[in-house]
Amino acid sequence: MEDIDIWRAAEQTLGSPEEWMHKLVGWRRIFAAFVLGVFSAIAFAPFYFFPALLVGFAGLALLLDEAVRTPHRIRAAAATGWAFAFGQFFLGLHWIVYPFMVDPTPHLWQLPFALCLLPAGLGLYGSLACAVAAAFWRDGVSRLMVLAVSYAAAEWLRGHLLTGFPWNLPGYGWGASLAVMQSAALWGIYGLSFLTILFGVSMAALTRRHYALPAVMTALFVCIWVFGALRLAEPSATVPDVALRLVQPNVPQVEMHGRFIIRNWQRLITLSNSPGHPTHIIWPESAAAFPLAQEPWAIEDVARLTARGAVLITGAIRQTGTAQNFPWYNSLYIFGPGGRMLGVYDKTHLVPFGEYLPYPNLLNPLGIAQLTGLISATPGDGLHRYAVPGAPPITPLICYEAIFPDEVVAAEGRPSWFVNVTDDSWFGPWAGPAQHLLTARMRSIEEGIPMARSANTGVSAVIDAKGRIEAQLPLGRAGVVDAPLPDVLSPTPYARFGDLGFALLLLVSAAFATWVRN
């Protein structure tokens with residue numbers, strides 16, 4: 001009773017949240033949505049303040065309550081949703097400025113455009129979600145269900161349309177709770193994202209003294225946490241006779257090429273020869289920033305490094321000819337004992353505007369390639385599973401490829417571990433690499449497959465099949481990570497059924513929203 005009296009006294013003094021929202025019209029509503037979006041982004045790595053995401057979505061629902069009362073309800077809702085998503089991506093993806101600072105003389109002028117255009121484009125998915133929700137908006141709890149369904153569906157589209165960009169999905173807002181993240185083994189990151197959105201928007205019901213939905217969602221996430229805690233309590237096993245060594249050379253992006261190539265190569269060799277007896281040595285993406293297979297001196301060094309029976313797995317540039325205009329690939333080589341080449345994987349899911357120009361027939365006439373100085377890489381023919389001497393089979397994931405849910409298992413079948421090589425020096429000194437590491441951990445949780453992740457500047461880590469970091473080397477430090485290889489788990493429900501669980505969650509929730517009337 002005392003808590004209720006305090007609540008009523010605060011309302012009489014300051015006004016109710018609904019009264020505050022009622023005053024936010026026109027540009028004020030748009031600005032409030034932007035601020036809420038920015039605030040919600042501190043749920044993501046490296047901040048990990050997950051309540052911010054729940055508050056952000058609750059505020060969005062309240063702003064939409066006012067937007068749908070305007071004469072142009074769809075347009076007002078779309079603008080509100082766009083501003084919210086723009087704010088979230090503006091802060092969450094601020095690291096996008098760092099690639100333009102590697103070689104600032106020709107590219108620095110492009111920085112403000114990249115900082116605004118990418119969040120603005122991604123904000124269109126939030127705009128679509130809120131416009132659809134407004135079309136079916138009706139007073140009561142059903143509006144919250146509709147908003148959660150439409151926003152989660154838009155996030156799925158963001159991860160698939162126009163090559164896809166599923167970075168900082170709402171489910172990643174639980175990065176501070178590995179126990180909650182375990183539920184991705186059931187329904188994937190998209191399912192966890194939907195439940196997170198629904199949890200957040202349900203809090204908007206508290207302003208009308210409706211407690212049922214917030215109570216149900218709170219209880220559900222308590223159950224999810226308990227499930228995850230019990231899952232994490234189970235001990236993890238390791239693969240016998242496999243000793244991994246992840247090499248982190250910590251080479252700044254500005255020193256990757258030119259006169260630094262030989263120095264960088266020698267650093268890799270020196271670190272690889274650190275005391276110990278690794279069976280499998282893993283170098284990061286583009287560790288050899290030159291056509292490795294075409295340089296006999298480099299192959300001789302690899303042969304010496306593996307002379308005692310070790311296996312070397314390394315990222316490298318691959319070129320099909322010697323001329324500068326021959327096709328090039330972002331590749332991964334597997335060298336067996338004595339430097340015998342056992343396999344080559346070419347990156348398939350390339351980074352748009354970073355490794356290739358999408359829609360060249362449309363953009364080439366506009367001079368985009370000339371402005372960026374982009375020489376497009378050639379994509380590979382898809383993911384593959386490779387046999388590795390002395391260890392179970394692997395599937396390589398080069399950098400960006402690890403961010404795509406349900407797209408990390410090759411057609412040949414399920415691997416026993418992932419090898420993720422990356423160069424996160426492009427992503428800046430903290431937020432970008434931290435977010436990328438979290439997505440890699442989520443892939444292991446979803447599939448029940450461990451991962452060995454070698455990053456140029458960090459974070460290099462051995463991740464078990466439940467997303468636990470067994471060993472790591474932090475950002476900005478040169479060195480090696482020595483650790484055993486965690487064992488693979490039986491296929492998770494998500495590994496078996498993919499996004500079917502997510503689709504069922506949406507269908508059931510949409511059906512409930514249609515049935516419920518208050």
Show me the side-chain donor-acceptor pairs of residues 481-488 shorter than 3.5 Å, one per line, residues at least two apart or across chains.
unit_1: Asp482; atom_1: OD1; unit_2: Arg245; atom_2: NE; d: 2.8
unit_1: Asp482; atom_1: OD2; unit_2: Arg245; atom_2: NH2; d: 2.9

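- The closest side-chain heavy-atom distance from Thr314 to Phe335 is below 4.5 Å.
- Taking both residues in full, the closest heavy atoms of Leu475 and Pro433 are given as CD2-CB, 3.7 Å, listed atom of the first, atom of the second, then distance.
- No donor-acceptor distance shorter than 3.5 angstrom exists from the side chain of Arg318 to the backbone of Ala293, with no hydrogens or angles considered.
- Looking at Gln248, its side chain does come within 3.5 Å of a backbone N or O of Ser460 through a donor-acceptor pair.
- Distance alone, capped at 3.5 Å, places no donor-acceptor pair between the Ser127 side chain and the Gly123 backbone.
- Between Asn420 and Glu401, the closest side-chain pair of non-hydrogen atoms is not below 4.5 Å.
- Looking at heavy atoms from C-beta onward, Leu195 lies in side-chain contact with Phe221 at the 4.5 angstrom threshold.
- The backbone N or O of Pro389 lies less than 3.5 Å from a partner atom in the side chain of His280, making a donor-acceptor pair.
- In terms of modelled atom types and a separation under 3.5 Å, the side chain of Glu447 and the main chain of Arg443 share no donor-acceptor contact.
- For the residue pair Phe502 and Gly191, the shortest heavy atom distance occurs at CD1-N, 3.6 Å.
- Taking CD of Glu155 as the start and CG of Asn168 as the end, the distance is 9.5 Å to the nearest 0.5 Å.
- No side-chain heavy atom of Val344 sits under 4.5 Å from any side-chain heavy atom of Tyr329.
- Shown here are the ring-ring contact (aromatic ring centres under 6.0 Å, His included) partners of Phe47, two or more places apart in sequence or in another chain: Trp430.
- Considering only heavy atoms from C-beta on, Leu473 stays 4.5 Å or farther from Leu246 through its side chain.
- The aromatic rings of Tyr400 and Phe404 sit perpendicular, their planes meeting at an angle over 60°, well past the 30° parallel limit.
- Here the side chains of Ile189 and Thr439 are not in contact, with every heavy-atom distance at 4.5 Å or above.
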Derivation of the side-chain contact (heavy atoms from CB on, under 4.5 Å) call for Ile394 and Ile334: CA-CA 11 Å; Ile394 69 167; Ile334 303 171; 4.0 Å; yes
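- Residues passing the ring-ring contact (aromatic ring centres under 6.0 Å, His included) test with Phe418, sequence neighbours excluded: none.
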CA sep, side-chain torsions, deciding dist, call: Asp346, Asp381, side-chain contact (heavy atoms from CB on, under 4.5 Å): CA-CA 7 Å; Asp346 298 320; Asp381 59 357; over 6 Å; no
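- Contact annotation: the side chain of Tyr386 never approaches that of Pro415 to less than 4.5 Å [non-hydrogen atoms, C-beta and beyond].
- For the atom pair CG (Asp424) and OG1 (Thr422), the distance works out to 3.5 Å, reported to the nearest 0.5 Å.
- One N or O on the side chain of Ser40 and one on the backbone of Gly37 form a donor-acceptor pair closer than 3.5 Å.
- No more than 12 heavy atoms of other residues, nucleotides or ligands lie within 6.0 Å of CZ in Arg477, so this atom counts as exposed by the packing criterion.
- For His436, the ring-ring contact (aromatic ring centres under 6.0 Å, His included) test picks out Trp167, Phe427, with sequence neighbours left out.
- In terms of heavy atoms, Leu53 sits closest to Gln88 at CD1-NE2, 3.7 Å.
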Which donor-acceptor pairs under 3.5 Å do the side chains of residues 226-244 make with protein atoms, sequence neighbours left out?
unit_1: Arg231; atom_1: NH1; unit_2: Gln182; atom_2: OE1; d: 2.4
unit_1: Glu234; atom_1: OE1; unit_2: Lys466; atom_2: NZ; d: 3.2

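- A distance of 12.5 Å separates OH in Tyr48 from OG in Ser177, rounded to the nearest 0.5 Å.
- Aromatic ring orientation, Phe86 versus Phe90: tilted (interplanar angle from 30° to 60°).
- Under the 3.5 Å distance criterion, the side-chain polar atoms of Ser454 are matched with a main-chain donor or acceptor of Val247.
- In summary, the side chains of Glu255 and Asn264 do not present any donor paired with an acceptor at a separation below 3.5 Å, with no hydrogens or angles considered.
- A donor-acceptor contact shorter than 3.5 Å is absent between the side chain of Trp328 and the backbone of Ile317.
- Atom CZ of Phe44 sits about 11.0 Å away from atom CD1 of Ile42, to the nearest 0.5 Å.
- Using a 4.5 Å heavy-atom threshold, the side chains of Pro379 and Tyr356 count as separate.
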Working for side-chain contact (heavy atoms from CB on, under 4.5 Å), residues Asp423 and Val251: CA-CA 9 Å; Asp423 181 8; Val251 177; over 6 Å; no
Trace of the side-chain contact (heavy atoms from CB on, under 4.5 Å) decision for Ile445 with Leu178: CA-CA 10 Å; Ile445 295 170; Leu178 186 58; 3.9 Å; yes
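- Trp297 and Phe290 have their aromatic ring centers within a separation under 6.0 angstrom.
- For Phe84 and Phe57, the ring centers are positioned less than 6.0 Å apart.
- Contact between Glu285 and Cys399 at its shortest, heavy atoms only, is OE1-CB, 3.4 Å.
- If you check the side chains of Ser272 and Trp283, you find a donor sitting under 3.5 Å from an acceptor.
- Rounded to the nearest 0.5 Å, atoms OG (Ser183) and OH (Tyr494) are 12.5 Å apart.
- Nearest approach of Trp156 to Asp499, heavy atoms of both residues: NE1-OD2, 3.3 Å.
- With Thr492 contributing its side chain and Ala495 its backbone, the two residues share a donor-acceptor pair below 3.5 Å.
- Annotation: ring-ring contact (aromatic ring centres under 6.0 Å, His included) contacts of Phe39 (sequence neighbours excluded): none.
- Side-chain contact check for Asn456 and Gln253: no donor-acceptor pair (N or O, by modelled atom type) lies under 3.5 Å.
- Side chain of Gln435 to main chain of Tyr172: no donor-acceptor pair is present (N/O by atom type, distance under 3.5 Å, no hydrogens or angles).
- From Trp426, atom CH2 reaches atom CD1 of Ile96 across 11.0 Å, with rounding to the nearest 0.5 Å.
- For CZ of Arg304, the number of neighbouring non-hydrogen atoms (other residues, nucleotides, ligands) closer than 6.0 Å is greater than 12.
- Arg385 approaches Arg414 most closely through the heavy-atom pair NH1-O, 3.2 Å.
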